[in-house]
Amino acid sequence: MDSLAPLNSFIRAAENESFTVAGRELGISASAVGKAVTRLEQRIGVRLLHRSTRKITLTAEGELFLKRCRRIFSELESAEQEIAQSHEPRGKLRVSLPLISSLIIAPVSAFAAAHPSVELDLESSDRLVDAMEEGFDVVVRMGPANDSGPMIRHLGAFSYAIVGAPKYFAARGIPGAPEDLADHDCLYHRWSSTGKLERWQLSRDGADLDFQPVPMAVANTMEPLIAMAEQGLGLVYTPMFDVQKQIAAGTLQSVLNGNLRSTSSIQLLWPPGHHTSPKVRAFVEFMTKNLASI
């Protein structure tokens, strides 16, 4: 058939037993509905409706045809819903997060709330994850991304701080130069993947210093180190975003700010072609919007 419009006119007229009501629902005149049904009857060579001055009724052939038409439109509606849903974010989304992920948790949680049809599968690690080889849909990475395979979205940079508790500084004094850290208790982060201690990126007049304080305590996550620092047990070198609340509350204060020129970056990585997936595209755009402004 040339168009589905005559079928729709027939269905509305048959169900309402009125060309006038059918026309009102379709936004056309009763005459236009009647003509569309007449042309349909002429095309298939069968009378579908009995017409009278008071109402219209279905013929026996019209009843059979109405059932088929309803089935056709039901299938069309289902097809439209299926296509529409295929463009909605849904299904499992495997995401690799860094262990130092306090900055990431809030927007990830917000994404989960905004997209309940997406099943998040989160894995935290401090190792260099290969998104393509390990089957991750998206990798959130802190630090430089030199991968040549994945697609990359740069979200921004963050700075580091050396912090301690006011009571620690009252007892031990405030270091005025990087070398003064030799006389302080320093709390170190250790990378689980390599076993190496994270370097304190110290500088003077824009030049990097090779000096590294002696560790007093070591942990493979930042949370216990920050808690120890708040208890006055030492100084910790940490991303600024991990201690912003404590600095604002006065439980920690930063030192040697002029000797810390190190910054690191945040990227999203995903395998080529995956951005066409609605769930990946939604996650990338959501994280870009919520992290790029921080």
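This chain uses plain numbering: 1 for the first residue, then up along the sequence. Only heavy atoms go into these numbers, but all of them, side chains included; no hydrogens, no water, no symmetry mates. Note that the structure is predicted; figures quoted are calculated from it, not measured.
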Before you tell me yes or no, could you show the steps for Glu119 and Arg94 under salt bridge (charged side-chain N to carboxylate O under 4.0 Å, His left out), namely the whole-Å CA-CA distance, both residues' side-chain angles and the distance that decides it to 0.1 Å? CA-CA 9 Å; Glu119 177 190 346; Arg94 290 196 69 213; over 6 Å; no
Starting from the C-alpha separation in whole Å, work towards a yes-or-no answer on salt bridge (charged side-chain N to carboxylate O under 4.0 Å, His left out) for Arg199 and Asp208. CA-CA 12 Å; Arg199 288 185 61 83; Asp208 293 337; over 6 Å; no
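Separation of the Phe283 and His115 ring centroids does not fall under the 6.0 Å cut-off. Aromatic ring centres of Tyr188 and Trp200 lie closer together than 6.0 Å.
Under the 4.5 Å side-chain heavy-atom criterion for grouping Ile, Leu, Val, Met, Phe, Trp and Tyr, Phe19 is connected to Leu26 within one hydrophobic cluster.
Counting only heavy atoms from C-beta outward, the side chains of Val95 and Phe136 never approach each other to under 4.5 Å. No side-chain heavy atom of Val139 sits under 4.5 Å from any side-chain heavy atom of Leu268.
When all heavy atoms of Lys279 and Arg90 are compared, the closest pair comes out as CD-O, 3.5 Å. Heavy atoms only, all atoms of each residue included: Phe10 and Gly62 are closest at CZ-O, 3.6 Å.
At distances below 3.5 Å, at least one donor-acceptor pair connects side-chain atoms of Arg172 with backbone N or O atoms of Asp183. Side-chain atoms of Ser117 never come within 3.5 Å of backbone atoms of Pro89 as a donor-acceptor pair (strictly under, hydrogens ignored). Looking at Asp185, its side chain never comes within 3.5 Å of a backbone N or O of Met216 through a donor-acceptor pair. Using modelled atom types, one side-chain atom of Glu41 and one backbone atom of Leu49 make a donor-acceptor pair closer than 3.5 Å.
Residues Ser203 and Gln201 have side chains that never bring a donor and an acceptor to within less than 3.5 angstrom of each other.
Ala182 meets the side-chain contact (heavy atoms from CB on, under 4.5 Å) test with Phe211; sequence neighbours excluded.
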